[in-house]
Peer 1: 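There's a structure below that I have some questions on.
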Amino acid sequence: AKSMPQSQASASGRPTASATAAVGMASSESDTKRSSITWHGSHSPMTKRAKIKQCETEQRPNAIEALSVDTIAIIFGYLSWREVILARLCKKMRDAAVITQVSMTTEFHVDGARSFNALTRILRCLPRLEKIQFCNNRSGTRLNGLDFVDGDDPDYPTRGRDQLGVYDEDSEYEEEEDYMFRPYDSDGEFYYPRRIRRRVHRETRDISIIAGFKYLRILSLIEVELNGRYPSLFNFPYLQQLFVGGVGSLKWDLDMLSGCPHLEDFQCTDKNVKGDMSSFRALKDTLKTVRIQLRYPSDLQGDFMEFADFPLLEKLYFGDGVSKISGDVREIKDRHFPQLKDITFPNESEIHGGRGFPSIADVPEIMIALCRLKKREIDVNPEYSAWHLSKRAHDRYDFMESGTCFDPPFRVEIVEAGPRMGWRWFSDWDGGACETNWFDPEPNKEDDNYAEYLTDLEFIQKDVSVDLYKGYFEPPSEEEYGQILEDHDELD
């Protein structure tokens, strides 16, 4: 209205017809310009291609295009492998996923045929996956539906073998009735025949595909049916943790661990492992944990002192099945095992000072060496409360029978009273402990912890019965033990 000349306005202040027509023409021109921006064609919405072209014309940058492939890969490193797979929306994101190191907090779990088939696709999308675990989460003892291709030098042919009662959701089965066994009930009638599942077809898969994950850092092979040698399973230059257990007829030895030069944690429960403790020296500068827990005797051998100069070793565990290893705890010096926190020996082995002592005469020197380790805050056999005289010891005798039978004190334990440490023989009966052989001198009465020492000492002395082993610092002889039982019966 301000732009209209006075001649086009009426006396009442309202615009005339000519002025109204001019305003209408101006508004129609502006609408035409606006429609050329927001509409494509006549009364039709703008297509996706036109919108993209418009954004390029107006120079509006895309957020993804503004990031480099390396930056996107860093962002993907904070996600799980599932989230990275879902985030591969364009070529740049797919390229970033290929170089992404997926966080070790998330693992790819192979527990059946479907997950193994997915692993082959993961290798193309995320070749830098760092954690893979082969383990059955279900109730079965083996991986469901997985038969692997034989390795080198197999023990037996796997093709054509028939297995019953194995459930695999990805394989075909035929269900039939088994009439071989027909138990009768009390009325002489047959029970219903039991139904079994018989495998019709089962595909073999190649487990060596995991060798493509060169950046793997954690690998678990648990309850996997393998047959023969698979060198590719032990060739990962960045592997830090390896768990092997229940792998069928896998043929392998400790020398193969040299293919994992950065290995820090090695745990094995597989009975097929062979080799010597000296093979671990190839991993001297990286190993932190070695745990070999076997139920049955194995062919592993060597001296546990091979680990004495490992600078990072914190935990060393040998199960009862590792019975052929040797060594002597009396040879351990203060410079040995600089970072060790706990060590566990097998029950019956060639180790002097393990958990079974060869003779009573050897115990004092062995216990002094163990007390020195205790002073260094190294737990020896932390999962077991005491040591014992070996069943193969020449000075061990059978328990004598009497009206009141007390076991002889053939067990040994470390005791502490305040700052003072020592050791003693004992039995499981109340009051069946011998006198304490002290490793440290008695503290002075002026010391602040002397009152604590007296309190602990009183508690220790309660286990020493007057009519049993009081005055004995080691187990009595067989004759003395028989006399103690007779005297105890007379007192009763």
Peer 1: Say you draw a straight line from CG of D276 to NZ of K324; how long is it, rounded to the nearest 0.5 Å?
Peer 2: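 Going from CG on D276 over to NZ on K324, the span is 12.0 Å.
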Peer 1: Quick one: CD on E264 to CZ on R217, what's the gap to the nearest 0.5 Å?
Peer 2: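 So the CD of E264 and the CZ of R217 are separated by 9.5 Å.
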Peer 1: With respect to C268, which candidate in V247, L242, V273, V322 satisfies the side chain to side chain contact (heavy atoms under 4.5 Å, CB included) definition?
Peer 2: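 The residue from V247, L242, V273, V322 that satisfies side chain to side chain contact (heavy atoms under 4.5 Å, CB included) with C268 turns out to be V273.
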Peer 1: Output, in order, the C-alpha distance, side-chain angles, deciding distance and verdict of side chain to side chain donor-acceptor pair (under 3.5 Å) for D395 and S359.
Peer 2: CA-CA 6 Å; D395 46 4; S359 67; 4.9 Å; no
Peer 1: Excluding sequence neighbours, so at least two apart, what forms salt bridge (charged side-chain N to carboxylate O under 4.0 Å, His left out) with D320?
Peer 2: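 Checked D320 against salt bridge (charged side-chain N to carboxylate O under 4.0 Å, His left out); matches are R355.
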Peer 1: Write down the atom of N272, the atom of G248, and the distance for their closest heavy-atom approach.
Peer 2: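 It is ND2-O, 2.6 Å.
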Peer 1: Tell me whether R82 at atom CZ has more than 12 heavy atoms from other residues, nucleotides or ligands lying less than 6.0 Å away.
Peer 2: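 It does not: R82 CZ has 12 such atoms or fewer within range.
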Peer 1: Decide yes or no on side-chain contact (heavy atoms from CB on, under 4.5 Å) for Y450 and N444, but give the supporting numbers first.
Peer 2: CA-CA 7 Å; Y450 186 76; N444 297 324; over 6 Å; no
Peer 1: Contact between V290 and F310 at the side-chain level, heavy atoms closer than 4.5 Å - yes or no?
Peer 2: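 Side chain of V290 against side chain of F310, heavy atoms only: no contact under 4.5 Å found.
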Peer 1: Going from CG on L370 to CD on E365, what distance comes out if it is rounded to the nearest 0.5 angstrom?
Peer 2: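 Reported value, rounded in 0.5 Å steps: 12.0 Å.
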Peer 1: Does any non-hydrogen side-chain atom of M305 lie less than 4.5 Å from one of I332?
Peer 2: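 Yes. Closest side-chain heavy atoms under 4.5 Å.
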Peer 1: Kindly say whether the aromatic ring centers of F304 and F345 come within a distance under 6.0 Å.
Peer 2: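 Between F304 and F345, the centre distance is under 6.0 Å.
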Peer 1: Nearest 0.5 Å please: distance from the CD1 atom of I460 over to the OH atom of Y453.
Peer 2: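 The OH atom of Y453 is 8.5 Å from CD1 of I460, to the nearest 0.5 Å.
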Peer 1: Of all the heavy-atom pairs spanning V380 and L373, show the shortest one and how long it is.
Peer 2: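 Shortest heavy-atom separation between V380 and L373 comes out as CG2-CD1, 3.8 Å.
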Peer 1: Which pairs of donor and acceptor atoms, one on a side chain in residues 411-418, lie under 3.5 Å apart (sequence neighbours left out)?
Peer 2:
unit_1, atom_1, unit_2, atom_2, d
R411, NH1, D428, OD1, 2.6
E413, OE2, R424, NE, 2.9
E413, OE2, R424, NH2, 3.1

Peer 1: Do L257 and S279 touch side chain to side chain, with heavy atoms closer than 4.5 Å?
Peer 2: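 Answer no - side chains too far apart.
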Peer 1: Quick check: does any side chain N or O of E480 sit under 3.5 Å from a backbone N or O of S477, one acting as donor and the other as acceptor?
Peer 2: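 At least one qualifying donor-acceptor pair exists.
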Peer 1: Should the ring pair F134 and F148 be called parallel, tilted or perpendicular, given that the plane angle runs from 0 to 90° and is split at 30 and 60?
Peer 2: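 The rings of F134 and F148 stand perpendicular, inter-plane angle above 60°.
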Peer 1: How about Y78: does its OH atom have over 12 heavy atoms from other parts shown lying under 6.0 Å from it?
Peer 2: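 Atom OH in Y78 is not crowded, with 12 or fewer foreign heavy atoms closer than 6.0 Å.
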Peer 1: Does any non-hydrogen side-chain atom of L254 lie less than 4.5 Å from one of L300?
Peer 2: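 A side-chain contact under 4.5 Å exists here.
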Peer 1: I would like to know whether K374 and D379 meet side-chain contact (heavy atoms from CB on, under 4.5 Å); could you show each step before the answer?
Peer 2: CA-CA 6 Å; K374 188 74 173 179; D379 290 335; 3.7 Å; yes
Peer 1: Would you please name every residue forming a salt bridge (charged side-chain N to carboxylate O under 4.0 Å, His left out) with D334, sequence neighbours left out?
Peer 2: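 Here no residue qualifies.
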Peer 1: Decide yes or no on side-chain contact (heavy atoms from CB on, under 4.5 Å) for H388 and N347, but give the supporting numbers first.
Peer 2: CA-CA 9 Å; H388 62 273; N347 186 13; 2.7 Å; yes
Peer 1: Where do G77 and T100 come nearest, in terms of heavy atoms and distance?
Peer 2: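 For G77 and T100, the tightest heavy-atom pair comes out as N-CG2, 3.7 Å.
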Peer 1: Should E107 and L129 count as side-chain neighbours, where that means a heavy-atom distance under 4.5 Å?
Peer 2: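 Heavy-atom side-chain distance check fails, nothing below 4.5 Å.
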Peer 1: Parallel, tilted or perpendicular: which fits the ring planes of Y472 and Y469, with parallel below 30° and perpendicular above 60°?
Peer 2: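 Answer is perpendicular, since the angle exceeds 60°.
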Peer 1: Closer than 3.5 angstrom, by distance alone: can the side chain of H109 be matched with the main-chain N or O of C135 as a donor-acceptor pair?
Peer 2: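 Between the backbone of C135 and the side chain of H109 there is a qualifying donor-acceptor contact (under 3.5 Å).
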Peer 1: Checking ring pair (Phe, Tyr, Trp, His ring centres under 6.0 Å) against F266, which of F243, F234, F280 comes through?
Peer 2: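 It is F280; the other options fail the test.
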Peer 1: Going by side-chain hydrogen bond (donor to acceptor under 3.5 Å, both in side chains), name the pairs with one or both residues in residues 293-317, residues two or more places apart or in two chains.
Peer 2: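 Matches after skipping sequence neighbours: R281-D309, K284-D309, R291-Q293.
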Peer 1: Quick check on D448: does its CG atom have over 12 non-hydrogen neighbours (other residues, nucleotides or ligands) under 6.0 Å away?
Peer 2: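 Counting neighbours around CG of D448, 12 or fewer heavy atoms of other residues, nucleotides or ligands fall under 6.0 Å, so no.
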Peer 1: Under the salt bridge (charged side-chain N to carboxylate O under 4.0 Å, His left out) rule, collect the residues that match up with R420, sequence neighbours excluded.
Peer 2: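 Result, salt bridge (charged side-chain N to carboxylate O under 4.0 Å, His left out) vs R420: none returned.
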Peer 1: Where is the tightest heavy-atom contact between H352 and I366, given as atom of each residue plus distance?
Peer 2: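 Heavy-atom minimum between the residues: C-CD1, 4.2 Å.
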Peer 1: Could you tell me whether the side chain of D206 and the main chain of S208 form a donor-acceptor pair under 3.5 Å?
Peer 2: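 Pair found, side chain donor or acceptor close to backbone of S208.
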Peer 1: Just say parallel, tilted or perpendicular for the rings of Y238 and Y215, cut-offs at 30° and 60°.
Peer 2: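 Y238 and Y215: parallel rings.
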Peer 1: So which heavy atom on P346 is nearest to which on G319, and how close?
Peer 2: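 Looking at all heavy atoms of both residues, the shortest contact is CB-O, 3.2 Å.
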Peer 1: Taking C-beta and beyond as the side chain, do P364 and N437 meet within less than 4.5 Å on heavy atoms?
Peer 2: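 P364 vs N437: side chains apart.
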Peer 1: Return the minimal non-hydrogen interatomic distance between S232 and A211, and the atom names on each side.
Peer 2: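 Heavy-atom minimum between the residues: CB-CB, 3.8 Å.
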Peer 1: Please answer whether the main-chain N or O of G275 pairs with a side-chain N or O of D253 as donor and acceptor at a distance below 3.5 Å.
Peer 2: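 No, the answer is negative, given that no donor and acceptor are paired below the 3.5 Å cut-off.
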Peer 1: Measure up the W387 and F357 rings against each other and bin them: parallel (under 30°), tilted (30 to 60°), perpendicular (over 60°).
Peer 2: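 It falls in the parallel class, under 30°.
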Peer 1: Does CD belonging to E383 count more than 12 external heavy atoms closer than 6.0 Å?
Peer 2: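 Check passes, neighbour count above 12.
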Peer 1: Can you tell me how far the CD atom of E130 sits from the CD atom of Q241, to the nearest 0.5 Å?
Peer 2: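 One finds 11.0 Å between CD of E130 and CD of Q241.
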Peer 1: Suppose we call two aromatic rings close when their centres sit under 6.0 Å apart. Are Y481 and Y397 close by that rule?
Peer 2: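 Yes, ring centres under 6.0 Å apart.
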Peer 1: Using a 3.5 Å distance criterion without hydrogens, assess whether the side chain of T286 forms a donor-acceptor pair with backbone atoms of L263.
Peer 2: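 Present.
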Peer 1: Is the count of non-hydrogen atoms from other residues, nucleotides or ligands lying under 6.0 Å from Y384 atom OH greater than 12?
Peer 2: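 More than 12 heavy atoms, drawn from other residues, nucleotides or ligands, come within 6.0 Å of this atom.
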Peer 1: For a side-chain contact (heavy atoms from CB on, under 4.5 Å) check, start with the C-alpha distance between W423 and V363, then their side-chain angles and the critical distance, and finish with the verdict.
Peer 2: CA-CA 10 Å; W423 56 275; V363 172; 3.8 Å; yes
Peer 1: Not counting sequence neighbours, which residues clear side chain to side chain donor-acceptor pair (under 3.5 Å) with D447? List them please.
Peer 2: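 Per chain and number, D447 pairs via side chain to side chain donor-acceptor pair (under 3.5 Å) with no residue.
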Peer 1: Does the side chain of I85 reach to within under 4.5 Å of the side chain of R121, using non-hydrogen atoms?
Peer 2: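 No, side chains not in contact.
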Peer 1: Just so I know, are the side chains of P231 and D152 near enough to count as touching, which here means a heavy-atom distance under 4.5 Å?
Peer 2: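 Yes; the side chains approach each other to less than 4.5 Å.
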Peer 1: Would you confirm whether S323, through its side chain, and P297, through its main-chain N or O, come within 3.5 Å as a donor-acceptor pair?
Peer 2: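 Side chain of S323 to backbone of P297, a donor-acceptor pair under 3.5 Å: no, none is there.
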Peer 1: Nearest 0.5 angstrom please: L389 CG to H394 NE2, how far?
Peer 2: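 It comes to 9.0 Å.
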Peer 1: Using modelled atom types only, decide if a donor and an acceptor are shared between the side chain of E435 and the backbone of G471 within a distance under 3.5 Å.
Peer 2: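 It does hold such a pair.
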Peer 1: Does K274, at its NZ atom, have more than 12 non-hydrogen atoms belonging to other residues, nucleotides or ligands within less than 6.0 Å?
Peer 2: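 No, NZ of K274 has 12 or fewer neighbouring heavy atoms, counting only those of other groups under 6.0 Å.
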